[in-house]
Amino acid sequence: MQTLSFRVQLFLRYSPPSLPTTSPKQTFYFHSLRRSISVVTATMDQNLTKQTSSPLEHVAGTWYSVPELRLRDHHFNVPLDYSLSQSPKIRVFAREAVAVGKEDQALPYLLFLQGGPGFESPRPTESSGWLSKVCEEHRVILLDQRGTGLSTPLTTSSMLQIKSAQELVDYLKYFRADNIVNDAEFIRKHLVPDAGPWKLLGQSFGGFCGVTYLSFAPQGLKEVFLTGGIPPIKDGCTAESVYKACIDPIVLQNEKYYKRYPQDMEVIRDVVNHLANSEGGGVPLPSGGILTPRGLQLLGLTGLGASTGFERLHYLFERVWDPVIVPGAKKQISYYFLNAFEKWLSFDTNPLYALMHESIYCQGAASQWAAHRVRLEHESKLDAVKAAKEGRPVLLTGEMVFPWMFDEIHALRPFKEAANLLAEKKDWPPLYNKTTLNNNKVPVAAAVYYEDMFVNFNLAMETAKEIGGIRLWVTNEYMHSGLRDGATHVLDHLMGLLNGKKPLF
């Protein structure tokens, strides 16, 4: 066994460039074999010693299939805090995806970063949408960002293991874009042959992480594609400027919704009046929370900013009332609607979004509940009860998290104190480096959606001026969900900007 181990170690230190000739495919096979043997050897070493050892840094699963795709799971044990030499470890998960029959081909790697914060990567059920296109020519890595999916998920139940609000805050501070990038670099060095650079596709918050990546680890990137994901990068906390800039687009989207479904003006006013006149200012939700007029406005988060959102909103409000089966029965909101409302928001399954949302805009300054402060400045427009009484359209709100949500949404109640501490936290580390971005040499192409309700067009254009060499595609053909809605068109356009098919004018 010792002789075998010695020979294996010699092989692992051997490198194919010392061979007279090696094709890219041979090189890929060599590194795949070397990674596999590394895992086996580490397992053998672990079994040969009675001493307690740390978990393997990387464990790769076996290939499995969904229609037209081959998938493989990867688990990594990474530092919670990369600044410490002896940090506690957390588990991070990534799923590898390739087109069927291409598992052994030497394809370039592409990392996909999901929108959020606090949402896991897509779970492929078939080869479709953007994944179908990208997997034809790439080895796609679908990363569950730390705290989501299978990456040490921070759920409403798992976070209860942390007994105090301050301890939870001290833990959550490691779950921002800076450490998501650190995780990506850890994974890249374990997966990509010779730890070479890979491509990155970032949607929404995933694009924010992409710009953090360009700031602090550009050597790990070969090309970057951003879809609705150019963040504001000014020092301090930009959350307030983000929410102020988003008020007019929110109003515009409400106007467009009511123009398409004018009958819903009266329906939503009736619901607001019913909620306001109910005992306690709202009605109980199935989970134990309460639906209030301001809570109802949260439906605008996804209902106004993505394609088919208008239709989903309209069909939801179609079933808002229970039928009166018995004469004289009181008018009441249906269980169907209340249940659908809670599922629409996803705060029970993805609480990290509510807890960490404003912090994604903070560098060395506190957010101090920026969305709440901006809303108060525009309360004459956004007060649902007042609008209903005056016969005006009730405006739904956009991507904003408010402190009262931690009272009204049952799943968030245990984390109210932590949310308040996070809102007052000032010592957030930097997320961007303007000097590095100004001198950027990594090819970057970005889709900027002119009527994006989530990532403001003007703020995105300000940042784009700071990223050296970036190429932009500005369009009003898609909303924030353009990657999902027009995958082939969007990716063809962005890739064309970098591969010469759409040359500079």
Side-chain angles (χ1 to χ4, degrees), residues 54-61 73-84 86-96 111-123 140-162 167-191 198 200-213 215-217 220 229 231 346-347 349-363 415 418-419 422 425 428-432:
S54 60
L56 297 176
E57 287 188 343
H58 172 216
V59 177
D73 297 344
H74 296 271
H75 295 271
F76 303 87
N77 285 294
V78 307
L80 173 68
D81 179 0
Y82 281 87
S83 69
L84 299 178
Q86 296 295 324
S87 169
K89 302 292 191 208
I90 61 171
R91 179 67 66 91
V92 168
F93 171 81
R95 198 184 316 270
E96 183 178 358
L111 171 69
F112 176 72
L113 294 178
Q114 167 73 20
F119 286 87
E120 61 273 21
S121 67
R123 268 44 187 169
V140 178
I141 304 300
L142 301 169
L143 173 63
D144 279 355
Q145 296 161 22
R146 54 169 54 197
T148 75
L150 295 177
S151 293
T152 314
L154 297 180
T155 65
T156 53
S157 54
S158 68
M159 285 191 290
L160 293 177
Q161 298 172 34
I162 302 175
E167 288 174 337
L168 181 56
V169 168
D170 291 340
Y171 192 72
L172 290 174
K173 68 183 181 182
Y174 298 112
F175 289 76
R176 295 203 310 160
D178 49 355
N179 281 308
I180 292 171
V181 170
N182 286 332
D183 292 342
E185 277 293 273
F186 185 99
I187 293 169
R188 177 183 67 83
K189 293 171 184 177
H190 280 76
L191 287 186
W198 56 8
L200 183 149
L201 171 60
Q203 160 64 17
S204 188
F205 172 70
F208 287 25
C209 295
V211 178
T212 301
Y213 212 144
S215 294
F216 298 114
S346 301
F347 291 126
T349 55
N350 299 83
L352 204 59
Y353 175 87
L355 282 164
M356 300 299 290
H357 178 70
E358 289 200 351
S359 78
I360 70 175
Y361 299 111
C362 295
Q363 303 182 92
F415 313 112
L422 286 165
K425 182 176 173 60
W428 295 108
L431 294 173
Y432 311 105

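One-based numbering along the sequence shown.
For the atom pair CZ of R91 and CG of L150, the computed distance is 10.0 Å after rounding to the nearest 0.5 Å. With values rounded to the nearest 0.5 angstrom, R188 atom CZ is found 5.5 Å from Y213 atom OH. Between the SG atom in C209 and the CD1 atom in I180 there is a gap of 4.0 Å [rounded to 0.5 Å]. Interatomic distance, CG of D81 versus NZ of K173, reported as 7.5 Å (0.5 Å rounding). Between the CD1 atom in I187 and the CH2 atom in W198 there is a gap of 5.5 Å [rounded to 0.5 Å]. Distance check: L143 CG to R95 CZ gives 11.5 Å after rounding to the nearest 0.5 Å.
Of the possible donor and acceptor atoms, one in the side chain of S151 sits under 3.5 Å from a partner among the backbone N and O of F93. Not one N or O on the side chain of D178 forms a donor-acceptor pair closer than 3.5 Å with the backbone of L431. Between the side chain of R176 and the backbone N or O of C362, at least one donor-acceptor pair lies under 3.5 Å. Although no hydrogens or angles enter the test, the distance criterion places a donor-acceptor pair under 3.5 Å between the side chain of T155 and the main chain of S158. A donor-acceptor pair under 3.5 Å is absent between the side-chain atoms of Q114 and the main chain of Q145, judged by distance alone. Although no hydrogens or angles enter the test, the distance criterion places a donor-acceptor pair under 3.5 Å between the side chain of S87 and the main chain of L80.
Looking at P351 and M159, their side chains come closer than 4.5 Å, going by heavy atoms from C-beta outward. In this structure, the side chains of P430 and F216 come closer than 4.5 Å at one or more pairs of heavy atoms. Between K89 and P79, some side-chain heavy-atom pair lies under the 4.5 Å cut-off. Considering only heavy atoms from C-beta on, I90 comes within 4.5 Å of R146 through its side chain. With a 4.5 Å cut-off on side-chain heavy atoms, F175 and L355 do not count as touching. Counting heavy atoms from C-beta on, the side chains of D183 and Y82 come closer than 4.5 Å. Put simply, the side chain of E358 does not reach to within 4.5 Å of the side chain of L422, judged on heavy atoms. The shortest distance between side-chain heavy atoms of I141 and E96 falls below 4.5 Å.
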Before you tell me yes or no, could you show the steps for F112 and L201 under side chain to side chain contact (heavy atoms under 4.5 Å, CB included), namely the whole-Å CA-CA distance, both residues' side-chain angles and the distance that decides it to 0.1 Å? CA-CA 5 Å; F112 176 72; L201 171 60; 3.8 Å; yes
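With 3.5 Å as the limit, one finds a donor-acceptor pair spanning the side chains of N350 and E120.
Between P231 and the options F205, Y361, Y432, a side-chain contact (heavy atoms from CB on, under 4.5 Å) holds for only Y432.
Summarising the geometry of L168 relative to A418, their closest heavy-atom pair is CD2-CB, 3.8 Å, with the distance given to 0.1 Å. Heavy atoms only, all atoms of each residue included: Y353 and G116 are closest at CE1-O, 3.8 Å.
Between F186 and H190, the ring-plane angle classifies as parallel under the 30° and 60° cut-offs. H58 and F76 have parallel rings, their planes meeting at less than 30° on a 0 to 90° scale where 60° marks the start of perpendicular.
A salt bridge links R123 with D144: the closest approach of a Lys/Arg side-chain nitrogen to an acidic carboxylate oxygen falls below 4.0 angstrom.
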